[in-house]
Amino acid sequence: MPSIESGGARIDYTVHEDGSRSSSTVVLLAGFTAPATSWRYQIPSLIRAGHRVVAVDLPGHGTAPAMPHGTTMQTRADHVHALLTKLDLQDAALIGGSMGGNTIWSYVGAYGTGRLRAAVVVDQTPRMLNTPDWEYGFYGYGRDQVDTFFADGIPSTGHGTPIWKRGMRLVRFLVAMGRVDRKLSQPELALLNDHAKRDWRPAIRSSDLPVLFVAGSESEFWPSAHAEKAAALAPKGASTVIPRAGHATNMERPEPFNTAVADFLSSAR
C-alpha cells in the first residue's frame, strides 16, 4: 500500500481505476476513525463513471498508524494538502464522510480551492454546537456542555433507527467498516473535542467550490435539515436527503447515495 509522510505521521492510500483515461480524480476521506474501506460501495460506481479514485487512511484510520498526540482539524487539513501535493492532483473532487466532510472545509480554509473542482459532504453539519442562530448541531449539545459533552466519546442521542431494526443497512455497515466501535484514545478524544467546537460556516460562505451536502433522513446525530441549511450558505451549494439512511449514509444506502453523487459530479463546474 502506498503512503506518504506529513508532519511526521504516515498517511496510507490506495488508487483505483480501470486503466482507461479517467475524467477526474476523486479523493475519499472517511469519517472519524473509520477506514478507507468504508467507501467500498462507492469505489466501483465512481470508476464506472470514469473517475480515478484515491481512498485515504489518515493517521488513526484503517491501515495508518495510531493518531499522534496534538492532532487537530488543522493537522488533518495539512495531511490532505500533503497528499494532494505529493500526488500532484489538480481539478480533484473531495468526498468526505462525517468528520471527513469538515476536514474538507479545514483544508479549503487553509489552502484554498486551487486544486479542487467540487466537494461532497456526507451527513456532517458545519457546526456541531447548537446556538440561537444554528439549530442543526449534534442533538443535545449546547453551550453549557462545550468542554464536557464529548469527553468520553460520542454520546448516544436516542435518535435514528435502532440498530436491531436496520437489517441489511447494518450488515452493509459492518462489512464496510470491518470492525465495531472501540474505546477512543486520548489523541482521538482531543481531536473530537476540537472538531465539536469548530464552526465551518464562514469557510462555506467564502468558498466558490461547487458542493453537495448529503444528509441521512434518520441520522443519529443531527437533524437532516442541516444539509439544506448548509447548502444555502454556499455560493454553489446543493443538498439532498437520502431516505431511510442513518449517519453512515453511504454505507447504509449506497445505491441512492451513489446516484446522487454521480449526478452532482457530472454537473459540477
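Please read these numbers as outputs of a predicted model, since none were measured by experiment.
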May I ask you to say whether D133 pairs ionically with R201, meaning some side-chain N is under 4.0 Å from a carboxylate O? yes

Indicate yes or no: at least one non-hydrogen side-chain atom of F221 is less than 4.5 angstrom from one of T125. no

Minimal non-hydrogen separation, P254 against Y41, with atom names: CB-CB, 3.5 Å

Does T157 use its side chain to pair, donor to acceptor, with the backbone of H159 at less than 3.5 Å? yes

Heavy-atom distance under 4.5 Å between the side chains of Y107 and H79, does that happen here? no

Can you label the angle between the Y141 ring and the F150 ring as parallel, tilted or perpendicular, going by 30° and 60°? perpendicular

So, T85 side chain and H81 main chain: donor-acceptor pair closer than 3.5 Å or not? yes

Pair S24, D91: side-chain N/O donor-acceptor within cut-off below 3.5 Å: no

Check whether L129 and W222 end up in the same hydrophobic cluster, where Ile, Leu, Val, Met, Phe, Trp and Tyr are linked by side-chain heavy atoms less than 4.5 Å apart. yes

Short N-O contact, E220 and R166, less than 4.0 angstrom: yes

Worked verdict on D18 versus R48 for side chain to side chain contact (heavy atoms under 4.5 Å, CB included): CA-CA 8 Å; D18 66 2; R48 286 195 298 272; over 6 Å; no

Check whether any side-chain heavy atom of V211 lies under 4.5 Å from a side-chain heavy atom of K236, and answer yes or no. no

Would you please indicate if the ring centroids of W134 and H226 are separated by under 6.0 Å? no

Which atoms form the tightest heavy-atom contact between T63 and R10, and what is the distance? O-NH2, 3.0 Å

Is there side-chain contact between L116 and V108, with at least one heavy-atom pair below 4.5 Å? yes

Starting from V241, can I reach L233 by hopping between I/L/V/M/F/W/Y residues whose side chains sit under 4.5 Å apart? no

Take atom CD in E228; do more than 12 heavy atoms of anything else shown fall under 6.0 Å from it? no

Salt-bridged, D147 to K197, with N to O below 4.0 Å? yes

As an exercise, state the distance from CG of D12 to CG of L58, rounded to the nearest 0.5 Å. 10.0 Å

I need the T148 OG1 to N193 CG distance, nearest 0.5 Å. 9.0 Å

Tracing side-chain links under 4.5 Å among I, L, V, M, F, W and Y, which residues wind up in one group with L212? V26, L28, W39, I43, L46, I47, V53, I95, V120, V122, V214, I242, F257, V261, F264, L265

Nearest heavy-atom pair of S239 and A231: which atoms, and what distance? CB-CB, 3.9 Å

Hey, is the main chain of V121 close enough, under 3.5 Å, to the side chain of Q124 for a donor-acceptor pair? no

Is S38 reaching over with its side chain to a backbone N or O of A176, donor-acceptor style, under 3.5 angstrom? no

Looking at OG of S106 and CH2 of W200, how far apart are the two atoms once the value is rounded to the nearest 0.5 Å? 3.5 Å

Pairwise distance CG(N250) to CG(D123) - rounded to 0.5 angstrom: 9.5 Å

Looking only at atom types and distance, does a side-chain atom of T71 sit under 3.5 Å from a main-chain N or O of M67, one as donor and one as acceptor? no

Nearest-0.5 Å distance, CZ of residue R127 to CG of residue N102: 11.5 Å

Note: R115-D88 ion pair, threshold 4.0 Å (strictly below): yes

Rounded to the nearest 0.5 Å, what's the gap from NE2 on H51 to OG1 on T25? Could you check? 9.5 Å

For the pair S219 (side chain) and G216 (backbone), establish whether a donor and an acceptor sit closer than 3.5 Å, ignoring hydrogens and angles. no

Mutual orientation of the aromatic rings belonging to F149 and F138 [parallel < 30°, tilted 30-60°, perpendicular > 60°]: perpendicular

Ignoring hydrogens and angles, state whether a donor on the side chain of D78 or Y111 is under 3.5 Å from an acceptor on the partner side chain. yes

Ion pair E218/R253, N-O distance below 4.0 Å: no

Between S6 and I11, what is the shortest heavy-atom contact and its length? CB-CD1, 3.8 Å

If Ile, Leu, Val, Met, Phe, Trp and Tyr residues are connected whenever their side-chain heavy atoms lie under 4.5 Å apart, and connections chain through other members, are M128 and Y139 in the same group? no

Closest non-hydrogen atom pair, A260 against T240: CB-CG2, 4.1 Å

Between E135 and N130, does any side-chain donor sit less than 3.5 Å from a side-chain acceptor? no

May I ask you to test the P187-P68 pair for a side-chain heavy-atom distance under 4.5 Å? no

Answer whether the closest heavy-atom distance between the side chains of M251 and T37 falls below 4.5 Å. no

Just to verify, what does R76 make a side chain to side chain donor-acceptor pair (under 3.5 Å) with, not counting sequence neighbours? H61, T103

With distance as the sole test, does D194 use its side chain to make a donor-acceptor pair with the main-chain N or O of M73 at under 3.5 Å? yes

If we ignore angles and hydrogens, is there a donor and acceptor under 3.5 Å between the side chains of T249 and H247? no

Please determine if E252 and R172 form a salt bridge, counting it only when a charged side-chain N lies under 4.0 Å from a carboxylate O. no

Report the C-alpha separation of D208 and T113 in whole Å, then their side-chain angles, then the decisive distance to 0.1 Å, and conclude whether the side chain to side chain donor-acceptor pair (under 3.5 Å) test is met. CA-CA 8 Å; D208 60 353; T113 61; 3.1 Å; yes

Can you find a pair of side-chain heavy atoms, one from W105 and one from S207, that are under 4.5 Å apart? yes

Could you tell me whether a side-chain N or O of D57 sits under 3.5 Å from a main-chain N or O of P35, the two making a donor and an acceptor? no

Between I154 and L192, is there a side-chain heavy-atom distance shorter than 4.5 Å? yes

